[in-house]
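This report concerns only the one structure given below.
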Amino acid sequence: VLTYTILVNGSYKKGDLVMANGYFDEMLLNGVDPDRIAYTTKIVGHMKAGDRSDANNMHEEMLEKGFPPDVIIYNVVVDGLYKSGNWARANEVLEKMIQDGINPDHVTYTSIIHGHLENGHFRKAGEVFYEMRTRGISPSVVTYTVLIHSNARKGRLKLASIYFKEMQDEGIKPNVITYNAMINGLCQSRMLEQAYELFLEMEKKGIHPNKYTFTILINANSNRENWQEALRLYIDMLDREIEPD
RNA sequence: CGGGUAACGACUUUU
């Protein structure tokens, strides 16, 4: 089951629904019984591909096999609803989730916070962030990265920096994406020097810049017509064997 | 100890 699930999930990530179905069927043919995770993988894959009907069929089959919806299924649904602007529906599902005795976890909260931030509801996002902590649910790196990213992107750099520091005070280590979010915000606010400081800082910590990091910096320099620096970064990137897009 | 959910950039219009 494990092996097949990995194959199925890998196919979805490549966007190959046919291949995913192929592996899933092959698993059945070999007499392997899908478990909760195998079913969820398939449902999520189809939902993300916009294929709701097939996802629904699978969902019913899961119920028949005695796998009630778990936290992850709910998280996926809630996240999808927020991303499509279905606020009312998202809240209904959240209530149902709680009625079913499934508690929202840090992923659920991160999706909610992200939804608010992307809609400019900064205050609301802050409230939910506060609420999750009072419920004893610890924010993850992703939670902080989302907060940093949205705030930094809209020029609220001081708040982003506060989160950046706060997470580290709490022992949560920023990763490449967190750094990229900060660097991106700084570049957009024309604070290239500080962006470069973070760039150096991450390398010092052994966090390797990726193609996103380089694209952000190259783009910022291009906008300022610092062609030579942009080129230098590009070459630097190739030297590290990072593929340009 | 390895399988499912949330987070990052630019590009995206010559018919």
Side-chain angles (χ1 to χ4, degrees), chain A residues 1-13 20 23-24 27 32 34-48 55 58-59 62 67 69-83 90 93 97 102 104-118 125 128-129 132 137 139-153 160 163-164 167 172 174-188 195 198-199 202 207 209-223 230 233-234 237 242-245:
Chain A
V1 217
L2 215 121
T3 315
Y4 277 114
T5 307
I6 296 171
L7 290 170
V8 170
N9 194 34
S11 309
Y12 283 125
K13 298 239 152 100
Y23 282 127
F24 196 85
M27 165 166 67
V32 178
D35 62 5
R36 203 181 73 253
I37 296 182
Y39 276 117
T40 314
T41 304
K42 185 164 178 181
I43 292 175
V44 171
H46 279 267
M47 283 197 344
K48 292 196 155 176
M58 288 304 294
H59 181 235
M62 249 186 113
F67 299 125
D70 64 5
V71 149
I72 295 186
I73 294 271
Y74 271 111
N75 285 346
V76 173
V77 172
V78 168
D79 187 61
L81 290 170
Y82 275 119
K83 291 208 166 111
V93 173
M97 167 174 191
I102 296 169
D105 64 3
H106 64 104
V107 174
T108 324
Y109 274 104
T110 301
S111 292
I112 299 171
I113 291 169
H114 191 219
H116 286 303
L117 289 170
E118 289 306 294
V128 176
F129 186 53
M132 92 184 261
I137 298 168
S140 67
V141 215
V142 180
T143 316
Y144 271 109
T145 302
V146 163
L147 285 162
I148 290 167
H149 173 244
S150 299
N151 281 295
R153 190 158 58 107
Y163 284 127
F164 190 63
M167 70 188 287
I172 301 171
N175 60 22
V176 215
I177 303 183
T178 319
Y179 272 100
N180 288 349
M182 284 293 303
I183 291 172
N184 185 41
L186 289 166
C187 286
Q188 288 187 357
L198 285 182
F199 183 73
M202 70 191 283
I207 300 169
N210 60 18
K211 70 185 175 189
Y212 286 80
T213 324
F214 279 102
T215 308
I216 292 166
L217 289 172
I218 290 172
N219 199 39
N221 279 294
S222 301
N223 288 339
L233 286 164
Y234 181 67
M237 177 172 90
I242 299 172
E243 293 292 326
D245 269 359

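To find a chain, count down the sequence lines: A is the first, B the second, and so on, and within it residues start at 1.
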* To do: Check the pair A:Ser111 / A:Thr108 against side chain to side chain donor-acceptor pair (under 3.5 Å), numbers first and verdict last.
  => CA-CA 5 Å; A:Ser111 292; A:Thr108 324; over 6 Å; no

query = Which part of the nucleic acid, if any, lies within contact of A:Val107, taking any heavy atom under 4.0 Å across all strands shown: a base, the sugar-phosphate backbone alone, or nothing?
reply = base

### Task
Give one of base, sugar-phosphate or nothing for A:Thr41, where a contact means two heavy atoms less than 4.0 Å apart.
sugar-phosphate

Dot-bracket for RNA chain B, 5' to 3', Watson-Crick and G-U pairs with both distances under 3.5 Å, [ ] for crossing pairs, | for partner on another strand, reads ...............

- Tell me what A:Val142 touches on the nucleic acid: a base, only sugar-phosphate, or nothing, going by heavy atoms under 4.0 Å. base

Sorted by chain and number, sequence neighbours left out, side-chain contact (heavy atoms from CB on, under 4.5 Å) with A:Thr178 holds for A:Val141, A:Thr145, A:Ile148, A:Phe164, A:Met167, A:Pro174, A:Asn175

Sorted by chain and number, sequence neighbours left out, side chain to side chain donor-acceptor pair (under 3.5 Å) with A:Ser11 holds for none

At a 4.0 Å cut-off to heavy atoms of chain A, the contacted part of RNA chain B spans B:G3 to B:A10

Which is true for A:Thr213 with a 4.0 Å heavy-atom rule: it touches a base, it touches only sugar-phosphate, or it touches nothing? nothing

Across all chains, not counting sequence neighbours, the side-chain contact (heavy atoms from CB on, under 4.5 Å) partners of A:Asp35 are A:Val1, A:Ile37, A:Ala38

Across all chains, not counting sequence neighbours, the side chain to side chain donor-acceptor pair (under 3.5 Å) partners of A:Asn9 are none

The side-chain contact (heavy atoms from CB on, under 4.5 Å) partners of A:His116 (sequence neighbours excluded) come to A:Trp87, A:Ile112, A:His121, A:Lys124, A:Ala125, A:Val128

Hits for side chain to side chain donor-acceptor pair (under 3.5 Å) against A:Lys83, two or more places apart or cross-chain, chain-then-number order -> A:Asp79

Across all chains, not counting sequence neighbours, the side chain to side chain donor-acceptor pair (under 3.5 Å) partners of A:Asp70 are A:Arg36

